[in-house]
Amino acid sequence: MSYKQKYLEQALIPGIFKNEFSGSVAWQCPSNIALIKYWGKQPNQIPMNASLSMTLEKAVTKTEIAYNYSESREKINIDYYFHGQRKKVFEKRLLDYFKDLTEYFPFLDKLELFIRSDNSFPHSTGIASSASAFGAIALCLTEIEYHLKGESVGTAEFYNKASFIARLGSGSASRSIFGGLVEWGRHESVKGSTDETAIQVSKIIHPYFKNFQDFILILDKGKKDISSADGHNLMNSNPYASTRFQQAHSNLNELIHAIQRGNMEKFINIVEAEAMNLHAMMMTSSPGYMLMKPGTVEVIEKIKRFRTKSEMPVCYTLDAGANVHFLGPQSCKPVMVDFVENELKSCCFDGDYIQDRMGNGPEKIKDE
Ligand code: PMV
């Protein structure tokens, strides 16, 4: 049975709650950086290819949802604040999202929600803010469902459902529900993988990848020229799309082998090729987009020269934006810190970068 079918059936089971009910839930959910990129989708947020990402530790969204349930309410009411400011535009996106969720969470229409979110990193700069934002909201909503049904949260089943719900908000958010290295999308190399939820692959990784480092070099703080939703849609008419989907499929297979065996050379080749391919897809769409800035190219060149000179197994990747993620094993951390401070910091906007690393996944903040 598909997860969709299972969760639709669950939605028919009545809750044990009273006519009026209120409470508050809060989750911290990390962002993630894709090593194999998801770019292109089918309806219902089904990916055109499987993707694989590393969950981060410090780049997180904290979200608290206070809720009032009333049997007599006919329509959901929400009130969304981001860093203390009401955000009507995101409220609209959330209302559309919640509308899509009512078939899984029929109780949503009876809720009044007060949502407060804070990010630990700049919004809309190519750091996957939608992944952590929708991840945190999905965890909160899934917890509310569990409360209303009198079930305990934190089980494997709970996280699986949260990943499914997060995916419907933002595909990459499905991966943020788990720590370490996470795969999303049906792929023969990952047992149990599905297009509906993400799955953790950390159990099979070589020690090189434990605590893997990610320095996020902020090269631009402006809003992106194109939303990822529009970017995914452009893949429907991109002439290179089908080759790209096949390439992502075989890259994922090769990357999994490299991660299992600790083959850093292969890892570096694939991760950097994926970054270039993602941007090549954006450039060759119609209209085409160039999301790199001059600083992006400068930093990439510096990282490549540094790798040749130092012989350190470090590399870069990009998200759908100008910022560069500088990646490397924990053993390279001291050298990476020096290089960033002495060579890369000066390229960054206001000298800003986030020193992050692989994280353990979301954390529940409070429950009242
Ligand atoms: O989850 P979305 O719809 O924001 O798409 C994310 C796409 C990329 O961040 C560019 C790649 C990825 O796999 O995270």
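In listed order, ligands and their atoms are each counted from 1.
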task: Identify, by atom number and element, the atoms of ligand 1 in contact range of S130, meaning under 4.0 Å from any of its heavy atoms.
output: 4 (O)
query: Does Y38, backbone or side chain, put an N or O under 3.5 Å from an N or O of ligand 1?
result: yes
query: Between K149 and Q10, is there a donor-acceptor pair closer than 3.5 Å when you use the side chain of the first and the backbone of the second?
result: yes
- prompt: Hey, are N32 and S176 close enough side-chain-wise for a donor-acceptor pair under 3.5 Å?
  reply: yes
- line: Residue pairs passing the side chain to side chain donor-acceptor pair (under 3.5 Å) test with at least one member in residues 339-353, sequence neighbours excluded, are K221-D352, E341-Y353
task: Answer yes or no for R93 and F90: cation-pi contact, defined as NZ/CZ to six-membered ring centre under 6.0 Å and angle to ring axis within 45°.
output: no
- request: Could you tell me which atoms of ligand 1, counted from 1 in the order shown, lie closer than 4.0 angstrom to a heavy atom of A34?
  value: 12 (C), 13 (O), 14 (O)
task: Answer with yes or no whether A131 contacts ligand 1, where contact means a heavy atom under 4.0 Å from a ligand atom.
output: no
statement: ligand 1 atoms nearer than 4.0 angstrom to some heavy atom of G171 are 1 (O)
task: Please identify which atoms of ligand 1 are closer than 4.0 Å to at least one heavy atom of W39.
output: 7 (C), 10 (C)
Nearest option to atom 14 (O) of ligand 1, as decided by whichever heavy atom of R175, K37, K41 sits closest: R175
Per-residue contact class, S170 against ligand 1 - non-hydrogen pairs under 4.0 Å: both
statement: Paired with C315, the side-chain contact (heavy atoms from CB on, under 4.5 Å) test is passed by just one of H325, K304, E272, namely E272
- request: Run the salt-bridge test on E183 and K191 with the 4.0 Å N-O cut-off and return the result as yes or no.
  value: no
